[in-house]
Amino acid sequence: MPLPSYVVELQFGSSGYVDVSQYVQSISIGRGINRNLDDFSAGSVSVTFVNNNRVFDPLNTSSALWYGAGGYTIVQPAGRIRVSSNGIRRFTGFVQDWDFTYNDAGFDGQATVMALDMMYRVSNAVFTGGTAFAVESTGERIKTVMNYNGFDASEYSGVQGGQTLLGYDVNQPGDNVLAYLQNVARSEPADFFSNASAVMQLKDRSFTNYVWNNTARQNLIKYPNTLSQDTTVTSLDGGTGLGDGWIYGWQPGTAAPYYSPGTVNTAEVTLSTRDFYYQEVDQQKINPSGTATQYVFSSWFRGQGLTGAGISGNFVLLDSTATTLTTASMVASAATGSDWTQMQGTATYGGTGVVAGFYVSVSAPGTATTYNFIANGWQVEQGTVIPNYFDGAINPYVSTASTDYEIAWAGIPYASESGLTTSVATAVSAPSLVTFADMNSQGTAYGNGTGIPFTDLQVVYASEQLYNQVQVVGVNATAVTEDTVSQGLYGVRGYSQTDNLTTSTTKPAMIASAFLGEFRLPEYRASQLTVALESLTSGQQNLVLGLEIRDVVRVCFQPSATGTVVDKFYQILGINSDTDVERDAVTFSIASLDNLSFRLDSPYLGLLDTDTLA
């Protein structure tokens with residue numbers, strides 16, 4: 001059978017892509033990793049061309065590769081290259097260098113170009129400094145960082161989802177962007193890599209036929225560890241001492257503080273203290289785009305000995321000097337000692353200034369001896385509606401199979417701004433599964449004769465990724481989980497992820513449990529298989545060429561035609577290929593899915609009698 005057709009194209013500067021396929025002698029491509037806990041590095045391509053007529057000579061102004069309109073050759077470092085077969089993209093890269101050889105006294109000229117994929121560009125980016133303020137998912141953090149560092153949205157459109165939340169992060173000038181984004185991906189955990197079309201991808205390890213769509217909410221109110229406050233911001237009324245954070249109302253010298261230590265997310269005032277105040281001015285956090293004009297406030301109140309006059313307050317939007325832009329008045333009915341009463345207000349600014357902060361004051365009448373006034377669930381968000389409070393005990397959210405709610409904090413739990421990410425699953429058709437099978441495994445149960453044959457197979461039964469004690473260290477929580485049965489058989493084998501960026505208090509335990517389930521036992525599995533494309537039909541070639549990193553395949557083999565057929569699902573970790581005028585061999589590095597936990601919503605991990613239940 002014939003080799004797949006191939007097209008190699010070069011581009012530089014303002015030129016379009018130029019087809020140089022007629023000069024190609026050989027192509028070598030390498031992308032991906034060999035072990036599924038490794039970070040991805042830049043993929044590479046090397047193409048060798050016949051150069052007897054000096055068409056690739058950068059000094060040859062008569063070459064077809066001389067771009068006359070620009071006055072330069074497209075045989076340049078920092079140019080671009082595309083490689084396709086049967087119309088399917090196999091590599092898109094950024095040229096690093098050209099090498100030229102002239103053998104046989106100069107009559108056998110060759111030009112070799114080497115290029116790297118999109119990971120190379122990300123690895124060359126460095127931070128100029130900056131702070132991530134929003135509580136956001138790993139996927140959104142990657143998008144934020146790539147946008148901030150000058151990448152076009154089309155270059156990271158494969159970054160989707162992410163259900164692990166991150167908080168504050170400070171990046172110093174000179175910090176490497178790729179190193180940080182790989183840390184973000186590990187925190188999901190997920191894989192961050194470039195596909196064959198130079199589009200960055202973030203793929204989690206759920207292996208479901210879902211597309212997860214995230215929406216985020218941010219509670220801009222922060223809760224203090226102490227009653228100290230920043231006094232660097234001018235007060236609203238020209239006085240002194242009002243700054244960012246919680247502010248004392250009037251109270252007797254013996255009164256307890258309004259923020260009650262040990263009470264989660266609660267501001268409390270006793271005796272004749274009747275007021276709550278909060279002020280913050282920080283445009284980068286509160287209105288980073290400079291275009292937001294609507295904000296909504298909500299809080300819940302409860303008290304004893306109230307007069308029945310109700311609760312009143314003001315919600316004020318401020319500019320960067322803490323000057324009032326607009327004020328919204330709020331009222332609520334009187335609270336009782338046992339029932340929580342909500343007060344909510346919306347402030348809309350229609351002027352020419354920029355909202356950079358807000359101020360909230362709430363008061364209610366009471367007596368000097370019996371009055372006890374408690375508030376909880378303080379919340380300020382952009383928009384006009386707060387559908388539910390999300391970081392305390394007031395109307396908590398509950399996740400379902402298709403809607404996941406994740407809550408975390410910018411910093412310390414219940415002492416900093418909080419964030420909620422809602423991930424809604426949209427079911428899509430499961431992709432067609434490509435099956436590879438040797439000649440002994442082509443029966444009805446193993447592809448019914450349609451399994452794509454492979455030429456070489458490597459099988460391992462090793463302990464290189466056997467971990468029966470897993471530690472995950474997040475910002476606010478550390479989890480350690482272990483399997484004593486595995487430890488009794490193989491000894492203690494530990495894996496530690498000490499740099500997880502999540503500020504969630506529950507996510508580290510979930511990640512540690514998932515890692516333990518996947519790696520606590522050794523497994524007899526295929527690790528690599530090679531396919532000779534020239535021996536396949538064009539339809540089979542296209543199936544193989546269409547496979548991408550992190551796709552799932554099925555591999556069936558019967559060692560030495562003896563015993564039962566080994567039939568497992570695998571994820572693709574790496575794709576390597578070597579092409580010349582006679583052959584096109586593609587080698588896949590793969591990792592088994594067999595030890596992953598059983599999932600009812602997965603087309604690969606939801607098969608009874610094949611997957612681990614816990």
Q: Would you check, one step at a time, whether the test side chain to side chain donor-acceptor pair (under 3.5 Å) holds for Gln294 with Thr348?
A: CA-CA 5 Å; Gln294 291 183 314; Thr348 300; 3.3 Å; yes
[X] side chain to [Y] main-chain N or O, any donor-acceptor pair under 3.5 Å?
{"X": "Tyr570", "Y": "Ala526", "value": "yes"}
{"X": "Thr503", "Y": "Trp409", "value": "yes"}
{"X": "Asn219", "Y": "Val380", "value": "yes"}
{"X": "Asn149", "Y": "Val145", "value": "yes"}
{"X": "Gln382", "Y": "Ile286", "value": "yes"}
{"X": "Arg121", "Y": "Met118", "value": "no"}
{"X": "Ser44", "Y": "Ala115", "value": "no"}
{"X": "Thr422", "Y": "Tyr405", "value": "no"}
{"X": "Glu9", "Y": "Val83", "value": "no"}
{"X": "Ser496", "Y": "Thr498", "value": "no"}

Distance check, rounded to the nearest 0.5 Å: [X] atom [atom1] versus [Y] atom [atom2]?
{"X": "Leu325", "Y": "Thr352", "atom1": "CG", "atom2": "OG1", "result": "9.0 Å"}
{"X": "Leu573", "Y": "Asp551", "atom1": "CG", "atom2": "CG", "result": "11.5 Å"}
{"X": "Met146", "Y": "Asp152", "atom1": "CE", "atom2": "CG", "result": "10.0 Å"}
{"X": "Thr128", "Y": "Asp175", "atom1": "OG1", "atom2": "CG", "result": "10.5 Å"}
{"X": "Ser592", "Y": "Phe569", "atom1": "OG", "atom2": "CZ", "result": "10.5 Å"}
{"X": "Leu165", "Y": "Thr506", "atom1": "CG", "atom2": "OG1", "result": "9.0 Å"}

Under 4.5 Å between any side-chain heavy atoms of [X] and [Y], yes or no?
{"X": "Val296", "Y": "Thr384", "result": "no"}
{"X": "Asn36", "Y": "Phe519", "result": "yes"}
{"X": "Leu433", "Y": "Val552", "result": "yes"}
{"X": "Val586", "Y": "Leu533", "result": "yes"}
{"X": "Thr587", "Y": "Leu529", "result": "no"}
{"X": "Ser28", "Y": "Val45", "result": "no"}
{"X": "Val18", "Y": "Ile74", "result": "yes"}
{"X": "Lys143", "Y": "Gln160", "result": "yes"}

Q. When you look at Leu593 and Gln571, which way does the side-chain contact (heavy atoms from CB on, under 4.5 Å) test go after all the steps?
A. CA-CA 7 Å; Leu593 301 183; Gln571 59 175 308; 3.9 Å; yes
For residues 190-202, dump all side-chain donor-acceptor pairs below 3.5 Å to protein atoms at least two apart in sequence or in another chain.
| residue | atom | partner | partner atom | Å |
| --- | --- | --- | --- | --- |
| Asp191 | OD2 | Arg550 | NH1 | 2.7 |
| Asn195 | OD1 | Ser197 | N | 2.9 |
| Asn195 | OD1 | Ala198 | N | 3.2 |
| Asn195 | OD1 | Val199 | N | 2.9 |
| Gln201 | NE2 | Val199 | O | 3.0 |

Flag the pair [X] and [Y] as a salt bridge only when some basic side-chain nitrogen lies within less than 4.0 angstrom of an acidic carboxylate oxygen.
{"X": "Glu417", "Y": "Lys285", "value": "yes"}
{"X": "Glu548", "Y": "Arg31", "value": "yes"}
{"X": "Arg186", "Y": "Asp499", "value": "yes"}

Q: Could you walk me through whether Val434 and Leu547 pass side-chain contact (heavy atoms from CB on, under 4.5 Å), step by step?
A: CA-CA 9 Å; Val434 175; Leu547 291 172; 3.9 Å; yes
Give a yes-or-no answer on whether the side chains of [X] and [Y] include a donor-acceptor pair shorter than 3.5 Å.
{"X": "Asn214", "Y": "Ser423", "answer": "yes"}
{"X": "Ser513", "Y": "Thr481", "answer": "no"}
{"X": "Ser84", "Y": "Arg89", "answer": "yes"}
{"X": "Asn476", "Y": "Thr505", "answer": "no"}
{"X": "Asn86", "Y": "Ser5", "answer": "yes"}
{"X": "Thr426", "Y": "Asn213", "answer": "yes"}

Kindly give the heavy-atom pair with the smallest separation between [X] and [Y], and that separation in Å.
{"X": "Glu188", "Y": "Lys507", "value": "O-CE, 4.3 Å"}
{"X": "Val75", "Y": "Leu65", "value": "CG2-CD1, 3.7 Å"}
{"X": "Gln172", "Y": "Phe127", "value": "O-CB, 3.7 Å"}
{"X": "Arg141", "Y": "Ala134", "value": "NH2-O, 3.1 Å"}
{"X": "Gly162", "Y": "Ser137", "value": "O-CB, 3.2 Å"}
{"X": "Ala591", "Y": "Arg525", "value": "CA-NH1, 4.4 Å"}

(Q) Determine whether Phe436 and Arg554 satisfy the following criterion, side-chain contact (heavy atoms from CB on, under 4.5 Å), listing intermediate values before the conclusion. (A) CA-CA 6 Å; Phe436 295 97; Arg554 183 185 183 191; over 6 Å; no
Q: Take Ser14 and Tyr67 through the side-chain contact (heavy atoms from CB on, under 4.5 Å) test and state the conclusion after the steps.
A: CA-CA 9 Å; Ser14 301; Tyr67 181 54; 4.0 Å; yes
**Q.** Intermediate values then yes/no, side chain to side chain donor-acceptor pair (under 3.5 Å), Ser504 and Thr502
**A.** CA-CA 5 Å; Ser504 168; Thr502 184; 4.6 Å; no
Q | Name of the residue among Tyr17, Trp98, Tyr72, Phe94 meeting ring-ring contact (aromatic ring centres under 6.0 Å, His included) with Phe12 | A |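 It is Tyr72; the other options fail the test.
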Q. Would Asp584 and Thr579 satisfy side chain to side chain donor-acceptor pair (under 3.5 Å), going step by step from the backbone distance to the final call?
A. CA-CA 4 Å; Asp584 194 338; Thr579 306; 2.9 Å; yes
Q. Under 6.0 Å between the ring centres of Tyr278 and Phe358?
A.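 Centroid distance Tyr278-Phe358: below 6.0 Å, so yes.
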(Q) Students often mix this up, so state it plainly: with edges at 30° and 60°, are the rings of Tyr495 and Tyr467 parallel, tilted or perpendicular? (A)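 Correct class here is tilted.
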Q: Please assess Asn176 against Tyr180 for the test side chain to side chain donor-acceptor pair (under 3.5 Å), listing each intermediate value before the final yes or no.
A: CA-CA 7 Å; Asn176 184 266; Tyr180 175 70; over 6 Å; no
